[in-house]
**Student:** 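Just dropping this structure here.
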Amino acid sequence: KTLSFSNPGGLFDIDWHPVNGQLVAVEEDIFLIDIDRDRLLATIDDGTKSKGILACRWHPSGKFFVTGDYGHESEGGEPSCLKYWTREGTLLKSIKESKSEYRNISWRRDGKYLAAATDVLLVLTENGDVISKTKFDDNNLWGIDWNNNGDKIISSDQAGNIRVTDSEGKILQ
């Protein structure tokens with residue numbers, strides 16, 4: 001099966017809904033797709049002037065999803081944001097906690113915490129409250145994921161470093 005819903009620039013990220021055949025996909029806009037019926041449900045303009053949405057993840061409950069964007073504050077545009085959306089595409093909340101783009105996001109299996117890879121390792125509650133911001137060095141983070149137990153986070157950066165931290169971003173020895 002091949003479907004095309006994007007501009008020629010391509011999609012930056014995509015995620016399955018945890019319960020049904022709905023997808024969220026991102027690039028300059030957000031696409032909500034019913035993969036079972038091969039149809040586009042909605043195209044959402046996230047409202048930023050200079051954008052590039054790099055990451056998207058459904059909450060494990062399937063009730064909402066989060067996107068992480070590029071932002072262009074250094075170029076006079078808007079700051080990078082994490083945005084919480086309803087499953088229908090209504091903006092719930094914007095969180096501006098980074099000086100760099102949000103390159104990757106990952107929910108802990110139980111959905112209580114979200115980790116974000118940016119210029120810091122950011123850990124938030126499912127409601128978007130910041131638990132911790134950990135700056136390691138001047139290298140921006142790229143990859144992020146939780147272990148199965150939800151007590152460790154692994155992150156990778158642009159210099160090729162891999163770090164294992166506790167659930168609040170403190171490096172484990």
Side-chain angles (χ1 to χ4, degrees), residues 10-27 30-33 35 46 48 51-71 73-74 79-87 91-173:
L11 296 170
F12 296 132
D13 200 10
I14 193 164
D15 194 37
W16 287 100
H17 188 277
V19 178
N20 63 36
Q22 186 174 345
L23 306 175
V24 59
V26 294
E27 42 103 93
I30 300 166
F31 301 98
L32 296 176
I33 302 163
I35 197 74
D46 83 336
T48 44
K51 58 186 172 178
I53 306 164
L54 301 177
C56 60
R57 288 293 171 270
W58 283 103
H59 184 266
S61 70
K63 294 179 181 176
F64 64 95
F65 63 92
V66 176
T67 59
D69 66 37
Y70 195 91
E73 192 169 24
S74 64
S80 300
C81 289
L82 285 175
K83 293 182 179 178
Y84 284 55
W85 303 86
T86 66
R87 68 183 282 174
L91 181 63
L92 296 168
K93 174 184 293 197
S94 291
I95 299 166
K96 300 171 187 169
E97 289 289 336
S98 173
K99 294 180 180 167
S100 185
E101 63 272 10
Y102 289 93
R103 297 176 176 195
N104 207 330
I105 53 180
S106 178
W107 285 104
R108 196 169 82 170
R109 275 187 172 186
D110 63 7
K112 291 185 179 182
Y113 299 102
L114 177 72
T118 180
D119 62 324
V120 297
L121 168 56
L122 186 64
V123 181
L124 305 102
T125 65
E126 69 182 312
N127 296 326
D129 299 321
V130 175
I131 299 294
S132 67
K133 286 172 69 169
T134 305
K135 179 89 171 150
F136 299 117
D137 50 34
D138 290 335
N139 294 310
N140 288 336
L141 300 178
W142 276 102
I144 195 119
D145 203 8
W146 293 86
N147 69 342
N148 288 338
N149 295 333
D151 60 351
K152 295 177 186 163
I153 302 169
I154 191 165
S155 61
S156 62
D157 69 23
Q158 65 192 32
N161 298 310
I162 296 173
R163 292 182 184 86
V164 180
T165 66
D166 66 14
S167 60
E168 293 185 358
K170 294 180 184 87
I171 294 180
L172 299 174
Q173 300 301 324

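Remember, it's a predicted structure, so these values are computed and weren't measured experimentally. Keep in mind that the numbers below use all heavy atoms, side chains included, and drop hydrogens, waters and symmetry copies.
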**Student:** Do Thr165 and Lys170 come within less than 4.5 Å of each other through their side chains, counting heavy atoms only?
**Tutor:** no
**Student:** Taking the side chain as every heavy atom from C-beta outward, state whether Leu114 and Ile105 have any atom pair closer than 4.5 Å.
**Tutor:** yes
**Student:** Check the pair Tyr102 / Leu54 against side chain to side chain contact (heavy atoms under 4.5 Å, CB included), numbers first and verdict last.
**Tutor:** CA-CA 7 Å; Tyr102 289 93; Leu54 301 177; over 6 Å; no
**Student:** Evaluate the side-chain proximity of Asp15 to Phe65: yes if any heavy-atom separation is below 4.5 Å, no if none is.
**Tutor:** no
**Student:** Give the intermediate values and the outcome of side chain to side chain contact (heavy atoms under 4.5 Å, CB included) for residues Thr67 and Trp85.
**Tutor:** CA-CA 8 Å; Thr67 59; Trp85 303 86; 3.0 Å; yes
**Student:** Asn140 and Ser100: side-chain hydrogen bond (donor to acceptor under 3.5 Å, both in side chains), yes or no, with the steps?
**Tutor:** CA-CA 8 Å; Asn140 288 336; Ser100 185; 3.0 Å; yes
**Student:** Could you give the distance from OG1 (Thr134) to CG (Asp119), rounded to the nearest 0.5 Å?
**Tutor:** 11.5 Å
**Student:** Search all heavy atoms of Asp145 against all heavy atoms of Ser106 and return the closest pair with its distance.
**Tutor:** OD1-OG, 3.2 Å
**Student:** If I compare all heavy atoms of Gly68 with all of Leu82, which pair ends up nearest, and what's the gap?
**Tutor:** CA-CD2, 3.9 Å
**Student:** Is the shortest heavy-atom distance from the side chain of Asp166 to the side chain of Leu172 under 4.5 Å?
**Tutor:** yes
**Student:** Should the heavy atoms of other residues, nucleotides or ligands under 6.0 Å from CG of Asp138 be counted, would the total exceed 12?
**Tutor:** no
**Student:** Once you round to the nearest 0.5 Å, how far does OG of Ser80 lie from NZ of Lys96?
**Tutor:** 10.5 Å
**Student:** Taking C-beta and beyond as the side chain, do Trp16 and Gln22 meet within less than 4.5 Å on heavy atoms?
**Tutor:** no
**Student:** Quick check: closest heavy atoms across Ser61 and Pro18, and the distance to 0.1 Å?
**Tutor:** C-CG, 4.2 Å
**Student:** Would you say the side-chain atoms of His17 pair up with the backbone N or O of Asn20, donor to acceptor, closer than 3.5 Å?
**Tutor:** yes
**Student:** Output, in order, the C-alpha distance, side-chain angles, deciding distance and verdict of side chain to side chain contact (heavy atoms under 4.5 Å, CB included) for Leu32 and Leu23.
**Tutor:** CA-CA 6 Å; Leu32 296 176; Leu23 306 175; over 6 Å; no
**Student:** Verify, without hydrogens or angle tests, whether Lys133 (side chain) and Glu97 (backbone) share a donor-acceptor contact under 3.5 angstrom.
**Tutor:** yes
**Student:** Quick check: do Lys83 and Lys93 have side-chain heavy atoms less than 4.5 Å from each other?
**Tutor:** no
**Student:** With a 3.5 Å distance limit and no angle check, can you tell me whether Thr86 reaches the backbone of Phe64 through a side-chain donor-acceptor pair?
**Tutor:** no
**Student:** Looking only at heavy atoms, what is the nearest atom pair of Gly62 and Arg87, with distance?
**Tutor:** O-CD, 3.8 Å
**Student:** Filter on ring-ring contact (aromatic ring centres under 6.0 Å, His included), then keep only pairs touching residues 136-167, sequence neighbours left out; what's left?
**Tutor:** none
**Student:** If I compare all heavy atoms of Glu168 with all of Ser132, which pair ends up nearest, and what's the gap?
**Tutor:** O-OG, 2.7 Å
**Student:** So which heavy atom on Val26 is nearest to which on Cys56, and how close?
**Tutor:** CG1-CB, 3.8 Å
**Student:** For the residue pair Val66 and Trp107, establish whether any side-chain heavy-atom pair is separated by less than 4.5 Å.
**Tutor:** yes
**Student:** Using side chain to side chain contact (heavy atoms under 4.5 Å, CB included), reason through Leu122 and Val130 one step at a time and then give a plain yes or no.
**Tutor:** CA-CA 7 Å; Leu122 186 64; Val130 175; 3.9 Å; yes
**Student:** Filter on salt bridge (Lys or Arg N to Asp or Glu O under 4.0 Å), then keep only pairs touching residues 57-67, sequence neighbours left out; what's left?
**Tutor:** Asp13-Arg57
**Student:** Is there a side-chain contact between Arg103 and Leu141 (heavy atoms, below 4.5 Å)?
**Tutor:** no
**Student:** Below 3.5 Å, can you tabulate the donor-acceptor pairs from side chains in residues 149-157 to any protein atom, sequence neighbours excluded?
**Tutor:**
unit_1 : atom_1 : unit_2 : atom_2 : d
Asp151 : OD1    : Asn147 : ND2    : 2.7
Ser156 : OG     : Gly143 : N      : 3.1
Asp157 : OD1    : Ala159 : N      : 2.9
Asp157 : OD1    : Gly160 : N      : 3.1
Asp157 : OD1    : Asn161 : N      : 2.9
Asp157 : OD1    : Asn161 : ND2    : 3.4
Asp157 : OD2    : Asn161 : ND2    : 3.0
Asp157 : OD2    : Arg163 : NH1    : 3.0

**Student:** Taking Ser98 for the side chain and Thr118 for the main chain, is one N or O donor matched with an acceptor at less than 3.5 Å?
**Tutor:** no
